[in-house]
Amino acid sequence: MNIELSLKSAIKQALSALFQVEEEVILQPTKSDFEGNYTYVVFALVKQLRKSPADIANAIGEYLKTNTTYIKNYNVVQGFLNLVLADEVWFDILNGILADENFGILPKNNQSVMVEYSSPNTNKPLHLGHLRNNFLGFSVSKILEANGYDVVKTCLVNDRGVHICKSMWAYQQFGNGETPESSGIKGDHLAGKYYVIFDKHYKSEVAALMQEGMSEEEAKKNAPAIKAVQEMLIKWEQGDKETVALWRKMNDWVFAGFNETYQKIGVSFDKTYYESNTYLLGKDLVEEGLLSGIFFKKENGSVWIDLKEEGLDEKLVLRADGTSVYITQDLGTTDLKFHDFHINKAIWVVGNEQDYHFEVLFAIMKKLGRNYADGCYHLSYGMVELPEGKMKSREGTVVDADDLVDEMIETAEVTTRERGKIDDFTNEDADILFQMIALGALKYFLLKVDPKKKMLFNPADSISFEGNTGPFIQYTHARICSILRKASSQGISVNSRIKNVEIAKSETELIFVLSEYPNAVKKAGDEYSPSVIANYTYELAKTFNQFYAEISIMNETDTDKQQFRLALIKAVSETIRKATALLGIEVPIRM
RNA sequence: GGAUCCGUAGCUCAGCUGGAUAGAGCAACAGAUUUCUAAUCUGUGGGUCGCAGGUUCGAAUCCUGCCGGGUUCACCA
C-alpha cells in the first residue's frame with residue numbers, strides 16, 4: 001500500500017465532505033520535534049473558508065480519525081495538522097515492501113533513453129574530473145532504468161584531431177620504439193607521457209623563436225613542432241598509411257589502458273562511438289539547413305545560423321574551407337544516435353563549461369525540425385576542484401584516476417586491517433573487500449553532491465570512512481548481515497509476512513524512511529541526480545543505526561517481535577543494496 | 001561588457017515545486033562497549049541562510065537590484 005496516496009485521497013474526501021472544496025493535497029513528513037508522521041498544512045484554506053486554522057485542522061483530523069483506519073491520533077499546532085498513523089498501517093507498509101521483489105523499481109514506461117558519458121580524449125589518461133563524469137553517467141543510467149526506461153549507455157571517444165597528433169608526433173620523434181610492454185607503462189599513461197613531451201618541446205621552440213625576435217603569437221604558429229603536427233593531421237585525414245598505422249597502434253594502447261580503468265571502477269557501455277568515424281557527419285545537415293533556409297552562407301563561404309530569437313547569437317556551423325567545426329560533428333552524431341537506436345531521449349553527461357554549446361546544439365536541432373529535440377538534455381555537472389584550486393595539467397596538479405583509485409584501495413586496506421574484523425578472510429576475499437570499500441568511498445564522495453554544483457575534492461575528507469560516507473553505508477549493511485547470519489545459525493528463518501506487534505518509535509521511523517525509497521528513485525530520475533539517492537541511502541543507514549543502538553533483536557524473547565524486527569532489517573539491508581547499486585556501489589556482507 | 005550558474009555553521013554539504021524553532025557530516029568538547037560489528041550511538045557548543053528591497057498569513061526557498069566568485073561568449077574541441 002502507498003500510505004501517502006491513501007492519506008491524500010482521504011484528506012481530499014474530508015475537504016469535500018466538510019467544506020465542499022476541491023484542493024490539491026500536499027503532505028509533508030512531520031518534523032521530528034512534533035508528534036506525528038505526516039503533516040497537512042491548512043493555512044491555504046483559511047481565507048477561502050473563513051475559519052480559523054485550528055478549526056479547519058481539527059475538523060479534518062477528527063474526520064480522518066473516525067472515517068478511516070489510518071489514523072491513530074492527531075494534534076494541531078497553529079495551522080499544522082500532525083497525523084499519527086495507526087500501528088496496523090506500519091505493518092501493512094512493511095508487508096507490502098517485503099512482498100514486492102521490485103520495491104523501488106518503477107513500472108516500465110516504454111521509453112528508451114541514451115546516456116552518453118565518459119567520452120575521453122585518447123591523448124592522456126583519465127583524471128579526477130573524468131571520474132565524476134563516469135560515476136554520474138553510470139549512476140544516472142541505473143537510476144533511469146529503475147524509473148522504467150530502457151537505457152543505452154554510450155561513450156563517444158575523441159580519438160582524432162590535433163591533440164592526438166601531438167602525442168603521435170612526439171612519440172615518433174622521441175619514442176625509440178617504446179611500448180607499454182617494454183616500458184611497463186599503462187597504454188593511456190604512455191600516450192599521455194608523449195603528450196607532455198610534445199608540450200615541453202613545443203614550448204622550448206616557441207621560446208627560442210621569441211628569443212630571435214618573433215612575437216609570441218607568431219612563434220606559436222611557426223614553431224616547427226606545431227607545423228609538423230598539422231601536417232600529420234592532414235596526412236591522417238588523407239589516410240596516409242604510415243600515419244594511420246601509428247595512430248592505430250597508439251590508440252590501441254590507450255583503449256587497453258582505458259578498458260582496464262573502466263573495469264576497475266565498474267563502468268561499462270553498450271555502444272562506443274568513435275569520432276574518427278563520425279567527424280565527417282553533419283555536413284549533410286548543413287546542406288539540409290541551407291536548403292530550408294535555416295542556415296545562411298556568408299561571402300567567404302562559411303555557413304551560419306542566426307539564433308538571436310532564441311536569445312543566443314549567430315553561430316558558425318561550417319568553415320569557409322568547407323570543413324567541420326565541433327558543432328557540425330555534434331549535429332551529425334545526434335542524428336546518428338536517434339537513427340541507430342529507437343530512443344525517446346538522449347542525455348549528454350558533459351561538464352558545465354559546455355553549457356553554451358549544448359544550448360546551441362539543441363536550438364539548431366529544433367530549428368531543423370527534429371522532433372526529438374525536446375528529448376535532448378545536457379546533464380551539466382560542475383568542476384571538481386582541489387583545495388589549492390583548479391586542476392591544471394600544465395602545472396601538474398591533475399589527480400590521476402588510476403593513482404587515486406590505487407591510493408584509495410591502500411587506505412581501505414590499512415583502515416580495515418586496523419579493525420581486525422576480517423583476520424580470517426582469504427587474501428582474495430580481502431582484496432575484493434578493499435576494492436569494494438575504496439570504490440564505495442570514492443563514488444559516494446563524488447556522487448553525494450548535487451551534480452550541477454562544482455565540488456571540492458579534499459583528499460583528507462575523501463579517505464574518511466566515517467560519517468556521511470560510502471563505507472558508513474557499507475558498514476551498516478554488513479552489520480545487518482551479521483545479525484541475519486546469527487539468526488540463521490540459530491535456525492531462525494525470516495518470514496516474509498509478519499504479524500502485528502507492539503512497535504517502538506525507532507521502528508516506525510525506520511519503516512517510514514523505507515517507505516520513501518520509491519519517492520527517492522522517482523525524484524532522482526526526474527532530476528537526473530544521483531545525489532538524491534546518496535542522501536536517501538545515508539538517511540536510511542543512519543536511521544537503522546539509531547534503531548540498532550536502541551533495540552536488540554537476537555535477545556528478544558517474544559518470537560513475533562523478533563520476527564518483525566528480522567523482517568524489518570532484512571528489508572533495510574535489501575533497500576540499501578538496491579539503492580547503492582543505483583550509485584554503482586557494492587555492499588559487503590562483512591567488513 | 002553580454003549570457004549563465006553559484007553564495008546556508010570554522011570546513012564540506014543537505015534543505016530551494018513557499019510552511020513550524022534552518023539540518024547533517026567533519027573538526028572541538030562530554031558520554032556510551034560483560035549485550036546482534038564502536039567504520040556505531042547519545043549529548044554540548046557553533047547561523048544577520050552574501051546584502052537591500054518586494055510579493056505573501058508565512059521567504060533560505062519566488063521577484064528585482066546590488067556585492068562577491070565560477071564558467072562561457074573561436075572559422076579550438
Side-chain angles (χ1 to χ4, degrees), chain A residues 26 28 30-34 39 41-44 46-47 53 77-80 82 121 158 160-163 275 279 298 300-304 311-313 315-330 351-357 359-360 380 382-383 385 387 390 412 415-416 418-419 421-422 437 441 445 448-450 452-458 460-462 464-476 478-487 531-532 534-535 538-539 541-542 544-556 565-566 569 590-591:
Chain A
I26 295 168
Q28 49 187 299
T30 303
K31 294 199 100 185
S32 55
D33 308 340
F34 300 90
T39 293
V41 185
V42 302
F43 287 113
V46 170
K47 222 180 226 173
V77 183
Q78 298 170 45
F80 298 89
N82 300 319
N121 292 346
N158 187 332
R160 53 134 244 133
V162 193
H163 48 292
E275 221 181 273
Y279 80 105
K298 291 196 175 173
N300 67 357
S302 57
V303 181
W304 296 72
L312 303 166
D313 216 333
K315 185 80 192 170
L316 178 96
V317 294
L318 199 70
R319 290 195 189 99
D321 64 5
T323 57
S324 300
V325 288
Y326 180 39
I327 195 119
T328 324
Q329 298 176 37
D330 259 4
N352 62 10
E353 69 272 11
Q354 294 198 34
D355 284 354
Y356 180 69
H357 170 75
E359 246 187 282
V360 170
S380 161
M383 289 186 162
E385 290 176 9
K390 283 178 212 156
T415 311
T416 306
E418 265 173 14
R419 328 239 161 193
K421 294 174 183 174
I422 60 149
I437 293 170
F445 190 85
K448 75 175 173 191
V449 181
D450 183 342
K452 292 194 292 293
K453 294 188 178 175
K454 68 168 192 228
M455 67 173 295
L456 183 78
F457 185 84
N458 186 335
D461 290 347
S462 72
S464 162
F465 294 169
E466 289 164 20
N468 189 356
T469 65
F472 167 82
I473 290 160
Q474 292 172 318
Y475 172 76
T476 305
R479 258 185 156 181
I480 297 174
C481 289
S482 174
I483 302 173
L484 293 172
R485 264 195 310 276
K486 190 170 181 185
S531 70
V532 171
N535 289 327
Y538 174 63
E539 185 66 31
K542 206 169 59 148
F544 169 80
N545 280 311
Q546 286 161 353
F547 155 88
Y548 178 93
E550 189 184 318
I551 289 177
S552 173
I553 295 172
M554 296 317 294
N555 288 332
E556 177 58 59
R565 289 172 194 163
L566 284 170
I569 66 167
R590 280 184 61 190
M591 72 182 270

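A note on names: the letters A, B, ... follow the listed sequences, proteins ahead of strands, and every chain is numbered from 1.
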Engineer: Contact class for A/Lys486 vs. all strands (heavy atom < 4.0 Å): base, sugar-phosphate, or nothing?
Structural biologist: sugar-phosphate
Engineer: With a 3.5 Å cut-off and just heavy-atom distances, do the side chain of A/Asn82 and the base of B/A20 make a donor-acceptor pair?
Structural biologist: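 Yes, the side chain and the base share a sub-3.5 Å donor-acceptor pair.
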Engineer: Base, sugar-phosphate or nothing for A/Met591? Non-hydrogen atoms, less than 4.0 Å.
Structural biologist: base
Engineer: Pick base, sugar-phosphate or nothing for A/Asp313, based on heavy-atom distances below 4.0 Å to the nucleic acid.
Structural biologist: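 Nothing: the residue A/Asp313, judged by heavy atoms under 4.0 Å, touches no strand.
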Engineer: Considering every strand and a 4.0 Å limit on heavy-atom distances, what is the contact class for A/Lys452: base, sugar-phosphate, or nothing?
Structural biologist: nothing
Engineer: Could you verify whether a donor N or O on one side chain and an acceptor N or O on the other, from A/Tyr326 and A/Gln354, lie under 3.5 Å apart?
Structural biologist: yes
Engineer: Are A/Lys454 and B/C6 close enough that a side-chain N or O sits under 4.0 Å from OP1 or OP2?
Structural biologist: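 Result: no.
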Engineer: Which part of the nucleic acid, if any, lies within contact of A/Phe472, taking any heavy atom under 4.0 Å across all strands shown: a base, the sugar-phosphate backbone alone, or nothing?
Structural biologist: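 Sugar-phosphate only.
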Engineer: Verify the contact: side-chain N or O of A/Tyr356 to OP1 or OP2 of B/U72, cut-off strictly under 4.0 Å; return yes or no.
Structural biologist: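 So the side chain of A/Tyr356 is outside the cut-off, no N or O lying under 4.0 Å from OP1 or OP2 of B/U72.
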Engineer: Classify A/Phe80 by what it touches in the nucleic acid, base, sugar-phosphate, or nothing, heavy-atom distance under 4.0 Å.
Structural biologist: base
Engineer: From CD of A/Gln78 over to C1' of B/C57, roughly how many Å is that when rounded to an integer?
Structural biologist: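 From A/Gln78 CD to B/C57 C1': 11 Å.
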Engineer: Looking at A/Lys31, I'd like to know whether one of its side-chain N or O atoms comes within less than 4.0 Å of OP1 or OP2 on B/G23.
Structural biologist: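 For B/G23, OP1/OP2 do have a side-chain N/O of A/Lys31 under 4.0 Å.
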Engineer: Give a yes/no answer on whether the side chain of A/Tyr548 brings an N or O atom under 4.0 Å of OP1 or OP2 in B/A38.
Structural biologist: yes
Engineer: Within the pair A/Lys453 and B/A14, is there a side-chain N or O less than 4.0 Å away from OP1 or OP2?
Structural biologist: yes
Engineer: What integer distance in Å separates A/Ile422:CD1 from B/A39:C1'?
Structural biologist: 13 Å
Engineer: Which part of the nucleic acid, if any, lies within contact of A/Asn121, taking any heavy atom under 4.0 Å across all strands shown: a base, the sugar-phosphate backbone alone, or nothing?
Structural biologist: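 No contact.
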Engineer: Do we see a donor-acceptor contact under 3.5 Å between the side chains of A/Thr30 and A/Thr39?
Structural biologist: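 Yes - a donor-acceptor pair under 3.5 Å links their side chains.
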Engineer: Any side-chain N or O of A/Arg319 under 4.0 Å from OP1/OP2 of B/A77?
Structural biologist: yes
Engineer: For B/G58 versus B/G1, give the span between their P atoms, rounded off to a whole number of Å.
Structural biologist: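 It works out to 37 Å between them.
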Engineer: Using whole Å, report how far NZ of A/Lys542 lies from P of B/A39.
Structural biologist: 18 Å
Engineer: Touch check for A/Thr469, heavy atoms < 4.0 angstrom, all strands: base, sugar-phosphate only, or nothing?
Structural biologist: nothing
Engineer: Expressed as a whole number of angstroms, how long is the span from A/Asn158:CG to B/A77:P?
Structural biologist: 10 Å
Engineer: Once you apply a heavy-atom cut-off of 4.0 Å, does A/Lys448 come out as touching a base, just sugar-phosphate, or nothing?
Structural biologist: nothing
Engineer: Students often get this wrong, so: under 4.0 angstrom with heavy atoms, is A/Glu539 touching a base, only sugar-phosphate, or nothing?
Structural biologist: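 Since no nucleic acid heavy atom lies under 4.0 Å of A/Glu539, the category is nothing.
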Engineer: Both distances under 3.5 Å, Watson-Crick or G-U wobble: report the partner of B/U72, or none.
Structural biologist: B/G2
Engineer: Determine whether any donor atom in the side chain of A/Thr476 lies under 3.5 Å from an acceptor atom in the base of B/A39, or the reverse, and answer yes or no.
Structural biologist: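 No such pair is found, so the answer is no.
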Engineer: Using Watson-Crick or G-U wobble geometry with both distances below 3.5 Å, tell me the partner of B/U42, or none.
Structural biologist: B/A30
Engineer: What's the CD1-P distance between A/Ile26 and B/G19, to the nearest Å?
Structural biologist: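 So the two atoms are 10 Å apart, to the nearest Å.
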Engineer: Cation-pi check, A/Lys298 to A/Trp304: give yes when NZ or CZ is under 6.0 Å from the six-membered ring centre and within 45° of the ring axis, no otherwise.
Structural biologist: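 Verdict for A/Trp304: a cation-pi partner in A/Lys298.
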Engineer: Roughly, in whole Å, what's the span from CD1 in A/Ile327 to P in B/A77?
Structural biologist: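 Taking atom P of B/A77 as the reference, CD1 of A/Ile327 is at 11 Å.
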Engineer: Take atom OH of A/Tyr538 and atom C1' of B/A39, then tell me their distance rounded to the nearest Å.
Structural biologist: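 Going from A/Tyr538 (OH) to B/A39 (C1'), I get 12 Å.
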Engineer: Partner of B/C16 by Watson-Crick or G-U wobble geometry, both contacts under 3.5 Å, or none?
Structural biologist: none
Engineer: Measure CG/A/Asp450 against C1'/B/C13 and give the value in whole Å, please.
Structural biologist: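 In whole Å, B/C13 C1' lies 10 Å from A/Asp450 CG.
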Engineer: Check every strand shown and say whether A/Asn352 touches a base, only sugar-phosphate, or nothing at a heavy-atom separation below 4.0 Å.
Structural biologist: sugar-phosphate
Engineer: At under 4.0 Å between heavy atoms, what does A/Leu456 touch on the DNA or RNA strands: base, sugar-phosphate, or nothing?
Structural biologist: sugar-phosphate
Engineer: Quick one: look up who B/U61 pairs with, Watson-Crick or G-U, both distances under 3.5 Å, and put none if it's unpaired.
Structural biologist: none
Engineer: So does A/Gln546 get a side-chain nitrogen or oxygen closer than 4.0 Å to the phosphate oxygens (OP1/OP2) of B/U42?
Structural biologist: yes
Engineer: Between A/Arg160 and B/A77, is there a side-chain N or O to OP1/OP2 distance below 4.0 Å?
Structural biologist: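 So the side chain of A/Arg160 is outside the cut-off, no N or O lying under 4.0 Å from OP1 or OP2 of B/A77.
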Engineer: Mind checking if A/Leu566 touches a base, just sugar-phosphate, or nothing, with heavy atoms under 4.0 Å?
Structural biologist: nothing
Engineer: Base, sugar-phosphate or nothing for A/Val325? Non-hydrogen atoms, less than 4.0 Å.
Structural biologist: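 Result for A/Val325 = sugar-phosphate.
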